Protein chains: 2
Amino acid sequence: MPKMVRRAGSDALTRRAGHESAADRSGSSRDHHIGALFEAVLTRGPLSRRDAARITGLSAASVTKLVRPMIEHGYLVENTREAGVPGRPQIPLQVDAARHYAIGIKLMDGEIVGVVADLHGEVQSSHRMRYPDTSPTGVADAIEAMTATLLERSPVERERLLGIGIGLGGHINGAAGVVVESPFMDWHNVPLQDVIAQRMQLPVVIENDVNTLALAEQWFGAGSAFNSFALVTIGAGVGCALVLDGKLWRGVSGAAGEFGHMIVDSNGPVCHCGKRGCLEAVVSDSAIAAAMSHSAGRKISKVSQVVAEAHAGDEDAQRAFTQAGVALGRAIAALLNLLNPPLLILSGEGIAASDLFIDALHAELKHDSFSSTAADCRVIVRPLPDEVWARGAAATMLRHGVMHSLSRLTDQVSA
Amino acid sequence: MPKMVRRAGSDALTRRAGHESAADRSGSSRDHHIGALFEAVLTRGPLSRRDAARITGLSAASVTKLVRPMIEHGYLVENTREAGVPGRPQIPLQVDAARHYAIGIKLMDGEIVGVVADLHGEVQSSHRMRYPDTSPTGVADAIEAMTATLLERSPVERERLLGIGIGLGGHINGAAGVVVESPFMDWHNVPLQDVIAQRMQLPVVIENDVNTLALAEQWFGAGSAFNSFALVTIGAGVGCALVLDGKLWRGVSGAAGEFGHMIVDSNGPVCHCGKRGCLEAVVSDSAIAAAMSHSAGRKISKVSQVVAEAHAGDEDAQRAFTQAGVALGRAIAALLNLLNPPLLILSGEGIAASDLFIDALHAELKHDSFSSTAADCRVIVRPLPDEVWARGAAATMLRHGVMHSLSRLTDQVSA
DNA sequence: CCGGTTATTTCACAACGTCAACCAATACTT
DNA sequence: AAGTATTGGTTGACGTTGTGAAATAACCGG
């Protein structure tokens with residue numbers, strides 16, 4: 001009997017937990033290089049083949065070979081060459097922005113914002129609408145109407161439409177296409193990706209809204225110059241996304257980036273999550289309004305009013321923001337100390353009033369940071385126009401779709 | 001004039017900040033495969049070629065080809081085959097543990113611990129000594145003496161000695177070999193790696209001590225089954241290391257993993273760093289002793305005494321530990337919420353008394369965690385025998401050395 | 001038009017992993 | 001004892017992919 005034991009585990013060889021072993025790495029190294037090349041041309045402006053080679057580390061010969069099919073398939077276009085120095089002039093390569101579009105949708109409580117964006121992240125049209133029914137089918141209805149309106153306003157051939165990207169708050173498992181937990185919608189394990197894809201007959205990707213912002217930032221924003229960065233958003237809530245080593249970090253179950261419920265003040269106000277002194281309970285819009293209501297002794301319900309009074313010189317209002325800045329600085333210091341990223345992007349609706357708390361934030365950040373973590377991290381404040389959330393969702397779809405179709409490129413095309 | 005502008009940036013093409021572009025990726029994909037193969041055989045016990053192929057995702061043919069030079073150079077050995085089922089029996093492959101050794105040294109305030117470890121992480125000999133002079137040359141003297149003693153007690157041919165790994169607390173830039181900040185030693189930007197390498201005429205790697213533990217855990221411990229994990233140590237201080245996607249995460253400047261000074265209680269005790277309510281000011285050995293001193297109203301200077309009294313039923317002592325458990329749970333919840341890792345390893349000297357606080361820790365962890373982050377994370381408590389720190393340092397050197405020499409393997413050897 | 005200079009392309013080649021066929025070593029069957 | 005089934009390991013031709021060196025292209029300045 002013991003004889004039979006020996007090979008017991010042989011057929012149950014499990015891959016490392018959470019690891020895509022080399023076997024399921026569908027793309028060979030070529031796909032990786034094509035992707036890198038595309039990203040280089042996209043994010044670093046028009047680029048000659050030679051410069052693209054320098055950036056990606058490939059040889060010039062390889063770049064020539066890889067670029068050919070990308071041009072034939074219309075992903076890249078050659079710009080007109082422009083001389084001016086001795087030697088053969090470079091041929092600037094550019095991404096053909098009009099080649100692919102995606103719809104991006106930001107899902108909120110009773111409202112959705114949608115955009116059509118091209119491959120440069122430029123918004124072609126945008127629309128905003130309310131919807132009554134927050135059930136999955138209600139959302140599907142809304143998305144269908146939204147899509148129709150968007151495509152009407154900015155006609156895009158179906159062929160050029162890569163799909164729909166959807167961003168929403170909560171715990172989203174983007175890889176599985178499932179909304180694991182959505183507090184606003186009160187959803188649990190809703191396979192939203194399939195629901196919408198079936199209805200719209202288009203590719204769909206879903207992702208946590210802050211993650212979509214991070215992906216957009218990586219392709220079209222400040223993140224393109226850095227390999228890793230953290231993104232923190234402030235507004236109705238507090239969000240965080242991490243790009244580590246060029247990849248969006250999702251964690252085992254896609255829940256990474258939860259930042260708003262870090263406890264920053266153990267006897268602070270009670271948070272809606274039930275705990276006391278969460279970051280979100282101190283710095284969110286409603287928290288700031290509540291803080292001022294409390295100290296000023298009168299009811300104030302909107303942040304905008306606090307902002308106005310702070311700018312007008314009201315000390316209670318200013319203090320409300322300062323306290324929020326300190327709390328935020330403390331939490332961000334914890335983040336920087338833990339991960340030591342080279343870049344932090346501050347965004348979200350709440351950042352519009354950054355002048356009221358950024359000094360307090362920086363002071364606290366400096367005070368709480370260990371060694372050089374704060375000094376080594378560049379901090380960028382990025383105002384967030386309203387539709388940018390939706391653009392982020394579009395970017396997510398664009399990346400997914402383009403990378404997918406690029407990897408299916410062959411060069412035996414010129415027939 | 002505008003004509004000249006065009007190529008301005010061409011020669012100053014900078015690679016992405018903090019990014020090793022494909023160009024300086026010295027190893028081709030083959031090196032990567034060899035490394036993966038070696039790791040698979042090392043961490044997953046004796047393995048047949050076929051099973052190794054399944055784990056790494058390579059074809060059986062490739063494994064045969066890659067394994068050959070590894071055997072010829074003595075990195076792997078074939079075990080005696082053992083039958084029992086129909087079919088040709090597997091030939092178990094094993095890492096030849098006796099092929100390579102490394103010295104590992106854990107540097108503390110006035111004391112160093114050193115070990116000799118083989119490729120399986122088995123400690124061959126260990127030694128502990130005090131040293132008076134904490135200047136770099138003083139440390140070099142101590143390391144020289146330590147090395148002599150260790151090699152005397154466990155004779156290892158110079159050929160088989162890969163080098164010396166050194167672990168110490170503080171902000172260490174392992175890639176550069178520089179101690180950026182060491183509070184205990186009061187060092188700033190000391191190029192310790194070079195200093196010791198010159199003196200000992202051996203390869204030397206230095207790394208933050210918690211990071212060395214993480215690397216050891218990844219090769220020889222629980223981390224081998226996971227692709228990502230967090231390691232938290234408790235003892236004289238609180239440390240943290242992160243392995244993300246198979247790689248030790250160091251951050252831009254090597255300072256990542258600072259965890260002890262996260263503020264968990266804004267009106268907690270003052271920390272030695274000057275802030276109030278740092279995690280370390282609540283859960284470190286001295287903090288626990290201080291907490292009990294305070295509540296019991298008598299001077300207690302050693303944790304061991306608090307442990308004894310807690311076990312004897314003293315409520316003050318028990319409360320001191322419970323409070324520490326809550327604080328730790330809160331901080332770890334922040335960590336899990338942010339990164340959502342599949343595994344957390346709790347270690348450090350302080351973990352010996354884990355029975356006194358682990359329940360409080362888990363309760364707080366569950367309470368503070370968002371969505372499924374705590375449920376999705378396996379928590380392992382790992383007692384830390386004293387020399388394990390030094391073993392970690394040895395592991396760091398082993399990994400570095402072996403991976404380096406493996407990548408230089410060719411298969412045209414059988415001459 | 002002639003070098004001089006730099007960008008791009010061509011092409012033979014080398015490195016590497018894989019497929020499919022083949023060989024090896026065992027258990028089981030008759 | 002010989003044959004069959006079964007599984008592991010090896011071999012060699014082959015396709016893919018990236019590269020170096022040489023060739024070619026496209027501009028300058030004279």
Side-chain angles (χ1 to χ4, degrees), chain A residues 1 3-4 6-8 10-11 13 22-23 25-37 46-54 56-69 71 76 78-93 407 409-412 414, chain B residues 3-4 6-7 10-11 13 22-23 25-37 46-54 56-69 71 76 78-93 407 409-412 414:
Chain A
M1 208 41 104
K3 281 189 153 192
M4 296 304 292
R6 193 186 121 242
R7 237 169 246 178
S10 281
D11 286 305
L13 274 178
R25 167 201 63 186
S26 55
S28 48
S29 79
R30 181 172 200 255
D31 290 355
H32 180 253
H33 287 154
I34 289 194
L37 205 48
L47 224 54
S48 71
R49 288 171 174 76
R50 186 170 153 278
D51 288 349
R54 285 209 264 251
T56 59
L58 291 164
S59 69
S62 303
V63 172
T64 293
K65 277 200 247 185
L66 290 174
V67 157
R68 200 193 323 274
I71 289 181
L76 301 184
E78 292 192 335
N79 223 320
T80 56
R81 41 190 114 206
E82 214 180 308
V85 279
R88 173 176 176 169
Q90 307 173 317
I91 308 173
L93 293 171
S407 74
L409 274 192
T410 56
D411 50 359
Q412 64 246 13
S414 44
Chain B
K3 281 191 154 189
M4 297 303 293
R6 195 186 114 240
R7 236 170 246 174
S10 279
D11 287 304
L13 275 179
R25 167 201 62 187
S26 54
S28 48
S29 79
R30 181 171 200 255
D31 289 355
H32 179 254
H33 288 154
I34 289 194
L37 204 49
L47 223 54
S48 71
R49 287 171 175 76
R50 185 170 153 279
D51 289 348
R54 284 209 264 251
T56 57
L58 291 165
S59 69
S62 302
V63 171
T64 293
K65 280 196 232 183
L66 290 174
V67 157
R68 199 193 325 274
I71 290 181
L76 300 184
E78 292 191 336
N79 223 319
T80 56
R81 41 189 113 206
E82 213 181 306
V85 279
R88 173 174 175 171
Q90 308 174 318
I91 308 173
L93 293 172
S407 74
L409 274 191
T410 56
D411 48 0
Q412 64 244 13
S414 43

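Everything quoted here is computed from the prediction, not taken from an experiment. Lettering of chains follows the sequences in order, A, B, ..., and the numbering in each one begins at 1.
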For atom NE2 of A:H33 and atom C1' of D:dT17, their distance in whole Å: 9 Å
Rounded distance (nearest 0.5 Å) linking atom CG of A:D51 with atom OG1 of A:T56: 10.5 Å
Sugar-phosphate, base or nothing in reach of A:S48, heavy atoms under 4.0 Å: sugar-phosphate
Table of protein N/O atoms under 3.5 Å from nucleotides 21-24 of chain D N/O atoms:
none

Distance below 4.0 Å between A:S62 side-chain N/O and D:dT19 OP1 or OP2: yes
Separation of C:dA24 P from B:E78 CD (nearest whole Å): 16 Å
Separation of atom NE2 in B:H32 from atom P in D:dT17, rounded to whole Å: 19 Å
Nearest-0.5 Å distance, NZ of residue A:K65 to CZ of residue A:R30: 9.5 Å
Nearest-Å distance for atom pair CG/P, residues B:L58 and C:dC19: 11 Å
Residues in side-chain hydrogen bond (donor to acceptor under 3.5 Å, both in side chains) contact with A:S62, at least two apart in sequence or another chain: A:S59
Rounded distance in Å - CZ (A:R49) to P (D:dG18): 16 Å
Integer-rounded Å distance: D:dT10 P and B:K65 NZ: 12 Å
Closest heavy-atom pair and its distance - A:R81, A:P92: CA-CD, 4.1 Å
Atom-to-atom span, CG of A:L66 to C1' of C:dT8 - whole angstrom: 14 Å
Phosphate OP1/OP2 of D:dG9: any B:T64 side-chain N/O under 4.0 Å: no
Gap between atoms CD1 and P, on B:I91 and C:dC23 respectively (whole Å): 18 Å
Partner of A:R49 by side-chain contact (heavy atoms from CB on, under 4.5 Å), out of A:L66, A:L93, A:L37, A:L58: A:L93
B:R68 side-chain proximity, nearest of C:dG4, D:dG9, D:dT11: D:dT11
Straight-line distance of B:H32 NE2 to B:S407 OG, nearest 0.5 Å: 12.5 Å
5'-most by nearest nucleotide on DNA chain D - A:R81 or A:A60: A:A60
Distance below 4.0 Å between B:R30 side-chain N/O and D:dG18 OP1 or OP2: no
